[in-house]
Amino acid sequence: MESYNSFQVAQHQVREAARLLHLDKATVELLSWPQREFRCTLQVRMDDGRIENFHAYRIQYNYARGPAKGGIRFHPDETVDTIRALASWMTWKTAVIDLPLGGAKGGVCCNPKTMSPRELENLSRAYIRAIHPMIGIDRDVPAPDVYTNPQTMAWMMDEYETITGRHHPGVLTDKPQQIGGTEGRRDATARGGVITVREACSALGADPTKAFAIQGFGNAGQRAALLHREILGGGKLVGVSDSRGAIYLPEGMDPEELVMHKLKSGSVLGFPGAKVIPQEALLELDVEVLYPAALENVITEDNAPNIRARVICELANGPTTPAADIILNRKGIHVIPDILASAGGVTVSYFEMIQDSYSWFWEEELVHGRLDSKLTRAYHAVQEAIREKHVHPRLGAMVVGVARVAEAAKLRGWV
Ligand code: NAD
């Protein structure tokens with residue numbers, strides 16, 4: 001079984017890309033570490049009157065290309081290294097899409113499932129009181145991530161505006177639309193992923209109207225199910241899973257009915273006509289396209305040899321381990337790596353920053369069109385790097401991202 005620290009994996013990926021780009025030692029050192037890290041302990045009043053302490057982080061990995069950008073997680077297992085790794089990947093993700101942004105990530109170690117809405121609000125406001133000097137539309141722009149959402153962003157923006165005494169809607173993104181959010185954010189991650197699948201299928205001669213499967217039926221997974229058919233003109237959703245189990249129906253499931261079923265019953269299990277299969281079997285179904293949209297490290301050296309998908313679109317962050325990557329590449333499976341496949345969300349967040357700056361909001365069609373053009377261009381830039389450097393897709397994407405950040409750092413005279 002592989003075991004590693006996610007930040008060491010991220011550093012290894014940077015060094016591999018740097019070697020192919022012949023970057024000098026000072027540049028490699030700069031890009032292998034966060035530029036700025038902040039750690040603090042938050043004191044939060046709980047509903048029973050006690051004060052509880054929570055460890056929290058905000059890490060700005062690199063801001064050579066613009067203000068740092070990245071989500072905030074509320075999760076019991078966060079450590080400085082998980083946040084460093086996620087902040088590193090945000091840096092390469094914004095650069096691959098060619099957004100004028102850097103990369104960041106934040107986290108609070110807590111268990112939101114055991115906290116009341118009022119406690120979560122107190123925690124969100126305490127976090128902003130701690131990090132407010134280092135954020136802003138021209139510094140670092142947070143967004144939601146695991147167990148944070150538009151409501152969390154609304155509390156955080158309000159706390160920031162209370163401290164500064166001014167309106168600053170662009171200090172955070174993915175806000176509710178009534179207070180500065182954008183059209184098109186809800187399905188942006190999935191839409192971006194499906195656009196890259198469209199480009200991949202057309203380049204490979206793969207048929208997206210054949211079978212596809214989705215691991216994880218949350219925000220990203222549900223939207224991918226709906227958009228796969230809308231954007232690609234067909235496709236049979238034969239397998240799907242969530243934390244409670246996996247189901248299979250070779251004739252295909254109607255994505256809209258499945259979303260309704262999950263909404264009503266809380267799970268994909270029990271969908272009429274579908275049979276329950278083991279969780280592991282979902283990833284090994286005979287499909288044209290597989291969307292991992294749940295967790296990290298689910299495609300490993302143990303199951304990679306059994307994977308039969310022709311295209312894997314990584315909507316989740318880090319679903320494939322380094323050893324599995326090598327196996328998938330050897331098998332000729334076309335992996336669309338997470339820093340490209342799941343970049344639709346941050347792209348539309350960037351559109352939100354622009355709209356907030358001008359207080360002028362775009363029609364949904366304009367958001368979709370601009371997202372499509374950014375993701376399509378990024379997909380082809382990565383393919384060109386893969387061909388030029390003779391590398392696998394993840395390294396190709398890293399080469400594009402790392403080269404752009406290194407160039408910005410050099411122009412600034414940092415290296
Ligand atoms: P979510 O919490 O809405 O959904 C996650 C889904 O995964 C849930 O349906 C859950 O039941 C399921 N799941 C959990 N454990 C599972 C397991 N063992 N097997 C199968 N399914 C399981 O989260 P989301 O926003 O859809 O994000 C999913 C992934 O996509 C995460 O890795 C996230 O970091 C990544 N991502 C999301 C966005 C976004 O905009 N939502 C952007 C970039 C990356």
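One-based numbering, in listed order, for ligands and for the atoms of each.
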For atom 21 (N) of ligand 1, is the nearest protein heavy atom under 4.0 Å away?
yes
Check Arg58 with Asp140, please: is the shortest side-chain N to carboxylate O separation under 4.0 Å?
yes
Tell me the nearest of Ala224, Gly193, Ala294 to atom 31 (C) of ligand 1, using heavy-atom distances.
Ala294
Heavy atom to atom 5 (C) of ligand 1, shortest distance: which of Gly221, Ala293, Ala343, Ser267 holds it?
Ala293
Nearest non-hydrogen protein atom to atom 43 (C) of ligand 1, with distance, is Ser342 O, 3.7 Å
Do ligand 1 and Leu295 have nitrogen or oxygen atoms that lie under 3.5 Å from each other?
no
Does any N/O atom on Asn317 come nearer than 3.5 Å to any N/O atom on ligand 1?
yes
Heavy-atom contacts with Gln279 under 4.0 Å: which atoms of ligand 1 show up? List them by number with element.
19 (N), 20 (C)
With a 6.0 Å cut-off (strictly less than), is the heavy-atom count around NE2 of His167, excluding the residue itself, greater than 12?
no
Which residue and atom name correspond to the protein heavy atom nearest atom 26 (O) of ligand 1, and how close is it?
Ala220 N, 2.8 Å
Count the heavy atoms belonging to other residues, nucleotides or ligands that lie under 6.0 Å from CZ of Arg39, then report whether that count exceeds 12.
yes
Within-shell test, Ala316 vs ligand 1, heavy atom, strictly < 4.0 Å:
yes
Less than 4.0 Å between a side-chain N and a carboxylate O, is that true for Asp98 and Arg377?
no
Scan side-chain atoms only and decide if Thr79 and Asp81 contain a donor-acceptor pair under the 3.5 Å cut-off.
no
What do you reckon, is CD of Glu256 surrounded by more than 12 foreign heavy atoms closer than 6.0 Å?
no
Which label fits His228 and Phe212: parallel for a plane angle under 30°, tilted from 30 to 60°, or perpendicular past 60°?
parallel
side-chain hydrogen bond (donor to acceptor under 3.5 Å, both in side chains) between Ser342 and Asp338, worked out
CA-CA 5 Å; Ser342 73; Asp338 51 2; over 6 Å; no
Please name the pair of heavy atoms, one in Gln13 and one in Leu395, separated by the smallest distance, quoted to 0.1 Å.
O-CD1, 4.5 Å
Tightest non-hydrogen contact, residues Ala309 and Leu290, listed as CB-CB, 3.7 Å
Test: Glu352 and Lys175 ion pair at under 4.0 Å:
yes
Arg185: numbered ligand 1 atoms lying under 4.0 Å from its heavy atoms:
40 (O)
Can a protein heavy atom be found under 4.0 Å away from atom 9 (O) of ligand 1?
yes
Is the contact between Gln215 and ligand 1 made by the side chain, the backbone, both, or neither, using heavy atoms and a 4.0 Å cut-off?
side chain
Just distances here: any N/O of Thr189 and N/O of ligand 1 closer than 3.5 Å?
yes
Please classify the Lys262 to ligand 1 contact at 4.0 Å (heavy-atom distances, strictly less than): side chain, backbone, both or neither.
side chain
Identify the protein heavy atom lying closest to atom 14 (C) of ligand 1, giving its residue, its atom name and the separation to 0.1 Å.
Ser243 CB, 3.6 Å
Look at atom 44 (C) of ligand 1 and find which of Leu315, Val240, Asn219, Asp338 reaches it with the closest heavy atom.
Leu315
Polar-atom distance check: Phe217 versus ligand 1, any N or O pair below 3.5 Å?
yes
Report the nearest protein non-hydrogen atom to atom 4 (O) of ligand 1: residue, atom name, distance rounded to 0.1 Å.
Gly218 CA, 3.2 Å
